Colleague: 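First, the structure itself, so that you have it in front of you.
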Amino acid sequence: MKAPDDRPILITGGAGFIGSNLADRLAGEGYHVIVYDVLSRAGVKRNLAWLKSRHGTRIQSVVADVRDAALLADAARGVAAIFHMAAQVAVTTSLDDPREDFDVNVGATFNLLEAVRRAERPVPLIFASTNKVYGNLADLEFASTSRGYLPVNALIRANGIGEHRPLEFHTPYGCSKGAADQYVLDYARSFGLPAAVLRMSCIYGERQMGTEDQGWVAHFLIQAIEGRQITLYGDGHQVRDVLHVGDAVDAYVAAWRGVDRVAGHAFNLGGGPENAVSLRTLINHIGALLGTEPDIRYDHWRAGDQRYFVADTRAARAALDLGTPMPWRDGVARLARWLASERGFDINPGEPHPMAMPQVSAL
């Protein structure tokens, strides 16, 4: 397949979870893709090898840190579009080393924006932001229900948190991603850059090597598949909206192709109310998929944790013409099968998992 533009597309963090899925989509459509990644996270080298095995010379790898302003500017030169996915992604890491968090999330984004601004022809830039820019939503009243924490406010319960919600940055991670988010929007406003922001909720799916600090859906599945204990911080009734990575990639591609309409705007991107699920409910579903009850322990709430976050996706769906997202049960089952296959297991939903796991009573 021949792409409509011979110029390559730059994806920073392109060997990561979402980046590699995005690169796969674009290379499959015939584009040449520059995967700019320092390859420091677990699993990303395998993702890069997977991309090269599928697409050959359409994947160009630049192994470099986004904090290297000169290399980043060089990679951005002459491209058709930029998807800025690279980031320090863990709240816990930001608390341990706020300087590194700032340099990666704010400094690198600023340098990339400057490179685009100084280019002879500015190109579209789509930035991966986070729902953490809205803080812990402490001003909202929540009811404890059988489905987890839900807003008392009927409109929010029905639709989720919208883009009109005031920004409130908590933790160094929230501050750094929020600052970068605002820089992207202001460069669109002040300098006319064709740039837009997607504030993501919980994205999950194939090629996600989740950890306790980031990628919790995959992390829960990995722990359960390998017979390890799952730690829930707080009471486990926190509610999140989860979105399959294929649907997220649809949104990023749509934002790029429709950037003339959406430049200077931020959109909340998540599964929406129909894909909202409490942590305990998701773990129960994992138990049903594996045929055995996962081993759970509980620990203290973590800094900046939200009892509830569900994205109001109406603006994104309308502006980007997005379809109905994959139901979360179907997506989690797909991810479970992929993760199990990666580890040499064969999972059939409803049948006992081949690795026995200890049983615990609910707390």
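All values reported here derive from a predicted model rather than from experimental measurement.
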Colleague: Just by modelled atom types, is the Q182 backbone N or O under 3.5 Å from a matching donor or acceptor in the Y187 side chain?
Modeller: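 Answer holds: no.
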Colleague: Treating Ile, Leu, Val, Met, Phe, Trp and Tyr as nodes and any side-chain heavy-atom pair under 4.5 angstrom as an edge, say whether I59 and V63 lie in one connected cluster.
Modeller: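 Shared cluster, yes.
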Colleague: Under a 3.5 Å distance rule, please check whether N21 uses its side chain to pair with a backbone N or O of E206 as donor and acceptor.
Modeller: yes
Colleague: State yes or no: do V277 and F142 share one hydrophobic cluster built from I, L, V, M, F, W and Y residues joined by side-chain heavy-atom distances below 4.5 Å, directly or via other members?
Modeller: no
Colleague: Given side chains that start at C-beta, do those of V38 and V66 come closer than 4.5 Å, heavy atoms only?
Modeller: no
Colleague: I want to check something: taking the side chain as every heavy atom from C-beta on, are T12 and L72 in contact at a cut-off of under 4.5 Å?
Modeller: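 With C-beta onward as the side chain, the pair touches.
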Colleague: May I ask you to decide if A27's main-chain N or O and R58's side chain share a donor-acceptor pair within less than 3.5 Å?
Modeller: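 Such a contact is found between R58 side chain and A27 backbone.
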Colleague: Would you name the heavy atoms of A80 and I9 that are closest together and state the gap between them?
Modeller: CB-CG1, 4.4 Å
Colleague: Under 3.5 Å, is there a donor-acceptor pair between the side chain of N159 and the main chain of L155?
Modeller: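 Yes; at least one donor-acceptor contact below 3.5 Å.
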Colleague: Do Q229 side-chain atoms and D295 backbone N/O form a donor-acceptor pair below 3.5 Å?
Modeller: no
Colleague: Please determine if D250 and R25 form a salt bridge, counting it only when a charged side-chain N lies under 4.0 Å from a carboxylate O.
Modeller: yes
Colleague: Do the non-hydrogen side-chain atoms of V62 and Q60 ever get within less than 4.5 Å of each other?
Modeller: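 SC-SC contact between V62 and Q60 confirmed.
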Colleague: Hey, does T130 have a side-chain heavy atom less than 4.5 Å from the side chain of Y173?
Modeller: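 Y173 reaches T130 side chain to side chain.
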Colleague: Do the side chains of V79 and I34 get nearer than 4.5 Å, heavy atoms only?
Modeller: yes
Colleague: V116 and V123: which non-hydrogen atoms are nearest, and at how many Å?
Modeller: CG1-O, 3.8 Å
Colleague: Compare all side-chain heavy atoms of W338 with those of R207 and state whether any distance is below 4.5 angstrom.
Modeller: yes
Colleague: Between the side chains of E274 and R317, is the shortest nitrogen-to-carboxylate-oxygen separation below 4.0 Å, so that they form an ion pair?
Modeller: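 Here R317 pairs with E274 in a salt bridge, since their nearest N and O are under 4.0 Å apart.
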Colleague: Is R199 paired with E163 through a side-chain N to carboxylate O contact shorter than 4.0 Å?
Modeller: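 No salt bridge links E163 with R199.
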Colleague: Do the side chain of R165 and the main chain of L137 share a donor and acceptor less than 3.5 angstrom apart?
Modeller: no
Colleague: If you define the side chain from C-beta out and look only at heavy atoms, does anything of L269 sit under 4.5 Å from T313?
Modeller: no
Colleague: Regarding R117 and the six-membered ring of F191, is the cationic atom NZ or CZ under 6.0 Å from the ring centre and inside 45° of its axis?
Modeller: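 Yes, a cation-pi geometry holds between R117 and F191.
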Colleague: Do H237 and S278 get their side chains close enough for a donor-acceptor pair, meaning under 3.5 Å?
Modeller: no
Colleague: Check for me whether the distance between the ring centres of W328 and H244 falls short of 6.0 Å.
Modeller: no
Colleague: Please report the closest heavy-atom contact between N105 and Q88, naming both atoms and the distance.
Modeller: OD1-N, 2.7 Å
Colleague: Determine, using ring centers only, whether Y31 and W256 are less than 6.0 Å apart.
Modeller: yes
Colleague: Between the side chain of S190 and the main-chain N/O of D186, is any donor-acceptor distance below 3.5 Å?
Modeller: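 Yes; judged by distance alone, with no hydrogens or angles, the pair exists.
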Colleague: Given the rule in the side-chain hydrogen bond (donor to acceptor under 3.5 Å, both in side chains) test, do D305 and Q238 qualify, once you have shown the distances and angles that lead to the verdict?
Modeller: CA-CA 9 Å; D305 198 7; Q238 300 98 306; 3.1 Å; yes
Colleague: Answer yes or no on whether R307 is positioned over the face of Y149, meaning its NZ or CZ is under 6.0 Å from the six-membered ring centre and within 45° of the axis.
Modeller: yes
Colleague: Please name the pair of heavy atoms, one in L335 and one in G205, separated by the smallest distance, quoted to 0.1 Å.
Modeller: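 Looking at all heavy atoms of both residues, the closest pair is CD1-O, 3.1 Å.
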Colleague: Is it the case that the side chain of D65 and the backbone of D68 share a donor-acceptor pair, with hydrogens and angles ignored and the cut-off at 3.5 Å?
Modeller: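 Not at all, since once roles are kept as given, no pair shorter than 3.5 Å links the two residues.
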Colleague: Hey, does V245 have a side-chain heavy atom less than 4.5 Å from the side chain of Y204?
Modeller: no
Colleague: Answer yes when K177 and D181 have at least one side-chain N-carboxylate O distance shorter than 4.0 Å, and no when they do not.
Modeller: no
Colleague: Parallel, tilted or perpendicular for F220 and W216, by the 30°/60° rule?
Modeller: perpendicular
Colleague: Which label fits F110 and Y183: parallel for a plane angle under 30°, tilted from 30 to 60°, or perpendicular past 60°?
Modeller: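 Geometry flag for Y183 against F110: perpendicular rings.
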Colleague: Does a donor on one side chain and an acceptor on the other come within less than 3.5 Å for D299 and T231?
Modeller: no
Colleague: State whether the number of non-hydrogen atoms from other residues, nucleotides or ligands found under 6.0 Å of R147 atom CZ is greater than 12.
Modeller: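 Counting other residues, nucleotides and ligands, CZ of R147 stays at 12 neighbours or fewer.
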Colleague: Has R240 got a side-chain atom pairing as donor or acceptor with Q306's backbone, closer than 3.5 angstrom?
Modeller: yes
Colleague: Please confirm whether R302 makes a cation-pi placement over Y233, using NZ or CZ under 6.0 Å from the six-membered ring centre and within 45° of the ring normal.
Modeller: yes
